[in-house]
Amino acid sequence: MLKGVLLGFACYAAYAISDAFVKSLHGTLPAYEAVFFGAVLMLSALPFIRKPQDRYLHVFSARKPSLWWIRAITGAICNISAVIAFTALPMAEAFALIFLLPIFVTLLSVIFLKEHVGWRRWSAVIVGFIGVLVVLRPGFRALGAGHFAAMSCGLSGAVSVVALRMAGPHERRISLYGAGVIGPLVSGGLLMLPAFTWPDAHQWFLLAGYGLLAGLAGVLLMLATHHAPANRIAPTQYSQMLWAIFFGYWLFGDHLDWPMLIGIALILGSGLFTLVREEKVTSWWRRTKMV
């Protein structure tokens, strides 16, 4: 159990450092290009994720093809939106809006899975959206593409999670991972062509850190779920906020005011409550690893 939890923390540290690498590009490369090269490097994780009975062609296929396509499309939207968000916003602010994902999952589960949601989780949803209003403070500060990109990342990630639930527990792991990589690779590759810029040596270094660390995080997540149940691993993803605050202050000179810290706390608290509460009340066959 402890080993799995520690691997979960290591996984989300790798994801946070990966995000810091892509933010360090400071928008000097188009977001599509960063997503494309990141996805290419994430393919390096496939040999470690593949089971002995899996074939590499299973990366492009699934037992339920329509859900594979949903995963691929939402993976593309999520990755591109994340790069835009981290480029435009302080890391902690971007993470706070992306961490609306569990709340979006609750709403989508009611619509598509006909799941019953009690007053506790509805209360968490309301608190989460109050946190969003506190962070964004519409009318008191300018909202930009980064804010909408971060929320788009959270929403598309939630659609992907619901697709995972609908796929069921018997889908191949390599297919699920493959859809999340092939979607960004193809979409990023096509969208980057009109304004393609060949990266210089420093940009290659940052792209390598972004893609390889994301691939490493995928492997660590797989290992974590071997050693601990999902409801013990999922909350470790909130450790990314600590990394975001640290990197934002140390590397990028980000400063958070008190209203933003309060809003972040509301969003994180509601999301974490949703994760924990869901493990208690959602039927096992509808649950999937939120991570």
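None of these values were measured; they are calculated from a predicted model. Throughout, numbering of the chain's residues begins at 1 and tracks the sequence. Values below: all heavy atoms of this structure, side chains included; hydrogens, waters and symmetry mates excluded.
Taking each heavy atom of Met222 and Ile49 in turn, the nearest pair found is SD-CA, 3.8 Å. Here the closest non-hydrogen pair linking Gly180 and Asn79 is O-ND2, 4.3 Å. When every heavy atom of Gly75 is checked against every heavy atom of Pro184, the shortest pair comes out as O-CG, 3.5 Å. Residue Val181 comes nearest to Ala39 through the heavy atom pair CG1-O, 3.4 Å, listed as atom of the first residue, atom of the second, then distance. Taking all atoms of both residues into account, the shortest heavy-atom contact from Ala34 to Val22 is CB-CG2, 4.1 Å. Taking all atoms of both residues into account, the shortest heavy-atom contact from Ser270 to Gly128 is OG-CA, 3.2 Å.
In this structure, Met151 and Val132 have side chains that are in contact, with non-hydrogen atoms separated by less than 4.5 Å. Between Arg137 and Met260, some side-chain heavy-atom pair lies under the 4.5 Å cut-off. Taking the side chain as every heavy atom from C-beta outward, Met241 and Ile267 never approach each other to under 4.5 Å. For the pair Leu43/Val59, no side-chain contact is recorded, criterion being any heavy-atom separation below 4.5 Å from C-beta on. Looking at heavy atoms from C-beta onward, Glu93 lies in side-chain contact with Val135 at the 4.5 angstrom threshold. Counting heavy atoms from C-beta outward, Cys11 and Thr236 have side chains that stay 4.5 Å or more apart. Taking 4.5 Å as the limit, every side-chain heavy atom of Phe247 sits out of range of all side-chain heavy atoms of Asp19. When side chains are defined from C-beta on, Trp198 does not count as touching Gln203, because their heavy atoms never get closer than 4.5 Å.
Remark: side-chain polar atoms of Lys23 are paired, donor with acceptor, to backbone N or O of Leu89 under 3.5 angstrom. With hydrogens and angles ignored, the 3.5 Å screen pairs a side-chain donor or acceptor of Ser24 with a backbone N or O of Ala20. Glu171 contributes no side-chain N or O that, together with a main-chain N or O of Leu176, makes up a donor-acceptor pair within less than 3.5 Å. For the pair Ser44 (side chain) and Leu41 (backbone), a donor-acceptor distance under 3.5 Å is present. In this structure, Thr106 contributes its side chain and Pro102 its backbone to a donor-acceptor pair below 3.5 Å. Distance alone, capped at 3.5 Å, is enough to place a donor-acceptor pair between the Ser109 side chain and the Val105 backbone. The main-chain N or O of Arg71 is never found under 3.5 Å from a side-chain atom of Ser160 such that the two would form a donor-acceptor pair.
Enclosure of atom CZ in Phe196 by more than 12 non-hydrogen atoms of other residues, nucleotides or ligands within 6.0 angstrom is indicated. Within 6.0 Å of atom OH in Tyr249, 12 or fewer heavy atoms from other residues, nucleotides or ligands are found, so the atom counts as exposed in its surroundings.
Rounding to the nearest 0.5 angstrom, the gap separating the CG atom in Asp54 from the CZ atom in Arg173 is 7.5 Å. Taking CD of Glu33 as the start and CG of Leu191 as the end, the distance is 12.0 Å to the nearest 0.5 Å. Note that CZ of Phe104 is 9.5 Å distant from OG of Ser156, once rounded to the nearest 0.5 Å. To the nearest 0.5 Å, atoms CD1 (Ile182) and CE (Met42) are separated by 10.5 Å. A distance of 8.0 Å separates CG of Leu101 from SG of Cys153, quoted to the nearest 0.5 Å.
Asp200 pairs by the salt bridge (Lys or Arg N to Asp or Glu O under 4.0 Å) definition with nothing, not counting sequence neighbours.
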Between Trp122 and Val110, does a side-chain contact (heavy atoms from CB on, under 4.5 Å) hold up when you go through it step by step? CA-CA 11 Å; Trp122 280 125; Val110 172; 4.1 Å; yes
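One hydrophobic cluster, built from ILVMFWY side chains closer than 4.5 Å, cannot hold both Leu133 and Leu143; they sit in different ones.
The one candidate from Tyr12, Phe95, Phe99, Phe273 that meets the ring-ring contact (aromatic ring centres under 6.0 Å, His included) condition with Tyr238 is Phe99.
Here ring pair (Phe, Tyr, Trp, His ring centres under 6.0 Å) pairs that include residues 33-73, with residues two or more places apart or in two chains, are Phe37-Trp204. Judged as a salt bridge (Lys or Arg N to Asp or Glu O under 4.0 Å), not a single pair has a partner in residues 176-198 (not counting sequence neighbours).
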